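Note that the coordinates shown come from a computational prediction; the quantities given were computed from them, not determined experimentally.
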Amino acid sequence: MQKFRLVTSLIFLCCSSLSWSQNEIHVRDVFEITWEGATIDHPYMVSSAQDAHFSVVFNGVDGEAKGKEIGVNGFWDGGAIWKVRFSPPCAGTWRYQSISPDPSLDDRKGSLTAIPWTEKEKSENRTRRGFIQVAAHGDRPGRFFVHEDGAPFLWIGDTWWNWTKRGIHLESFQKLVDDRSRKGFTVGQLFFAGRGWGRSSSLLDKTYFHPDTQHIREVETMIRYANSQGMTIWIHTWWGGKTINETIGQDVIERWWRYVVRRLSSYNVIWVLAGEYNLYNYGGFDIRFWNDLGRMIDQEDPYDRIISAHPTPPGWGGGEDAPQWSTAEVLHQEDWLDYNQCQVGHSKWRNEMIPGIVKNSYESQPAKPIVVTEPWYEFVRGNPSAEDIRFGAWSAMLSGAAGHTYGGGHVWKAHVPESPADQDSWPMEMDFKINTLDYPGAQSMSFLAKFFSSIEWWKLKPHPEYVLDNPSKYCSAIPGEEYLIFLRWGGSVKIDLTPYDSNFVFQWIDLTHQEMVKNGKMTGGRILECKPPEDYPGTLQYKDWILHIRKE
């Protein structure tokens, strides 16, 4: 079903009297049309109204595209300029025609040809594999993400909350993206703020009637760059707050969301209702408002991409009235919610909650992926320690998570020399001489990302019961084939391989130094006791270890 309101169907007739403009792009590239319309009052309000002022229907006429029809709503981009963006989902010729009550925007025709990426080109940039979806088939349907071409997508996120702040140089953002892409990060979590953490990061004015289209275009340049480097952008447009039902209001929130979807839906992005949507008892709204908003976004988006919400945890400031460790506790059964998110907040005891929360969400039915999208941040070097960062990430992954998010250093508040952040109650490294991109925890996340990318992680299921005589019961496995065990404090561990009379190979991986230390062979058909290469008292400082066992 088409998710636009101005038109419901349009049939194109191929005849010699029509003059089609020719354009060629790759599948899932962004095709942008810019037209000048008549001058109207309040164009943002018209552009983001429930009934679109300007829409374009794209019809596939040959190749894989043949028979497909996608309707896309246009948007106002300042002055008398109107745009529409289209991302062809498959190869072939697409013809388009516009519909609008404005004669200068109505009945405009053209065509484009979408060509496929080669496998080599896809391997160079994962966003060329298409938008992110929940796996519907395979070994664990509903448990992890895939690209449109079916390739598994490992979510390794980084929190970029305040990077819509004015004054940031594009070069600073490119440095961030280049670093994170090299490290194996795949998601940047961006607050595309209607009302940001201050006026400098807000994309709407104080009245909420006027978007800053010039600055929005600058932020879109950042999104395009991140996509070009293989990173998907996580978009939310509001942060929860006290009585936002009165200070912002339903109409303002919905209007901005419609506008954002129309501007950004052709990029490789993911939708999130709001940051800490349940803060202060859902911001004064009824929970039905947030469910209706999720359905509205789902209806507005022509590409049916994944949607979720970012929650506030119990015991957190403003989280007491509607507490939830993950959206699985409240929203799991909602049809618009494609995956669950968890925020534990920032402290050691909260970090310890991660594996239990992931386990509970993983066991909820129907199956939906779970990701911790805000763990304890590595605010300054050693706070938390790299071991704490690793515990959160590895325990989440081996408890069934579809990925994990990191935050810390200069990044989460966009503390850059040309636009420094203020010091508040949260610890933060203020000195620009220190490269916080290379904090030990960030390097540990990079090692995790690259390790998981080297195995078929999406096939592994949580099996904590396979870990015997060790308190660190974090294990994912394909019984009889492969076992991945995280030993937080090292120590010996027993593994029951009695049913599998096969030969196996093993690796001991030192997570403290991010290296493989020992490998070898073992024989199944029995309970095996395994000991790491270094342990107390021979080594006084404990290390965390990965034991990786595979059938030979």
Side-chain angles (χ1 to χ4, degrees), residues 155-191 193 196-198 200-201 219 222-223 225-226 229-231 233-234 275 343-348 350-351 354 372-394 396 403-450 511-514 544:
W155 179 306
I156 302 294
D158 197 26
T159 46
W160 298 351
W161 299 137
N162 209 33
W163 285 78
T164 59
K165 183 174 54 167
R166 287 164 177 79
I168 294 177
H169 297 163
L170 178 60
E171 292 78 10
S172 295
F173 183 76
Q174 290 173 327
K175 177 183 177 182
L176 165 65
V177 171
D178 293 347
D179 177 88
R180 286 341 198 196
S181 180
R182 283 194 302 268
K183 283 184 167 69
F185 284 75
T186 57
V187 175
Q189 296 181 189
L190 181 68
F191 182 18
W197 295 351
S200 68
S201 56
V219 176
M222 295 178 174
I223 293 172
Y225 185 77
Q229 300 305 302
M231 295 194 68
I233 301 300
W234 183 100
Q343 179 196 176
V344 293
H346 308 287
S347 63
K348 195 175 187 72
R350 290 178 174 278
N351 202 51
I354 286 175
V372 179
T373 51
E374 189 170 345
W376 189 11
Y377 288 168
E378 192 174 20
F379 288 109
V380 296
R381 182 178 290 270
N383 179 258
S385 67
E387 289 86 355
D388 290 311
I389 297 293
R390 291 196 292 270
F391 168 73
W394 284 96
H404 192 74
T405 290
Y406 165 85
H410 293 155
V411 175
W412 74 281
K413 287 185 74 175
H415 182 53
V416 292
E418 67 270 22
S419 183
D422 296 329
Q423 177 68 71
D424 56 19
S425 58
W426 294 111
M428 187 174 72
E429 178 58 64
M430 303 300 292
D431 190 346
F432 293 116
K433 295 179 182 178
I434 297 173
N435 180 15
T436 68
L437 292 173
D438 279 334
Y439 268 171
Q443 294 177 353
S444 292
M445 287 296 298
S446 176
F447 183 80
L448 178 148
K450 293 173 182 177
L511 291 179
T512 302
H513 294 101
Q514 302 170 33
D544 44 356

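With sequence neighbours excluded, no residue satisfies salt bridge (charged side-chain N to carboxylate O under 4.0 Å, His left out) with K165. The ring pair (Phe, Tyr, Trp, His ring centres under 6.0 Å) search around Y225 returns none, not counting sequence neighbours.
With 3.5 Å as the limit, one finds no donor-acceptor pair spanning the side chains of D158 and T405. Between the side chains of R166 and S200, no donor N or O sits under 3.5 Å from an acceptor N or O. Between E374 and H346, the side chains place a donor N or O and an acceptor N or O closer than 3.5 Å (distance only, hydrogens not considered).
The minimum heavy-atom distance linking G441 with I389 is given by the pair O-CG2, 3.7 Å. For the pair S172 and E418, the tightest heavy-atom approach, listed with the atom from each and the gap, is OG-OE2, 2.6 Å. Considering all non-hydrogen atoms of both residues, P440 and A386 come closest at CB-CB, 3.7 Å. Between P427 and V380 the shortest heavy-atom distance is C-CG1, 4.2 Å.
Side-chain contact between L176 and W160: present, with at least one pair of heavy atoms (C-beta onward) separated by less than 4.5 Å. When side chains are defined from C-beta on, Y439 counts as touching E429, because their heavy atoms get closer than 4.5 Å.
With a 6.0 Å radius and a threshold of 12 heavy atoms from other residues, nucleotides or ligands, K450 has its NZ atom above the threshold. For D424, the CG atom is densely surrounded, since the number of other residues' heavy atoms within 6.0 Å is greater than 12.
In this pair, W426 and F379 present their aromatic rings parallel. The plane angle is below 30°, not in the 30 to 60° band.
In summary, the aromatic rings of W234 and W161 are positioned with their centroids under 6.0 Å apart.
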Evaluate the salt bridge (charged side-chain N to carboxylate O under 4.0 Å, His left out) criterion for residues K183 and D178: first the C-alpha distance (whole Å), next the side-chain angles of each, then the deciding distance (0.1 Å), finally the verdict.
CA-CA 9 Å; K183 283 184 167 69; D178 293 347; over 6 Å; no
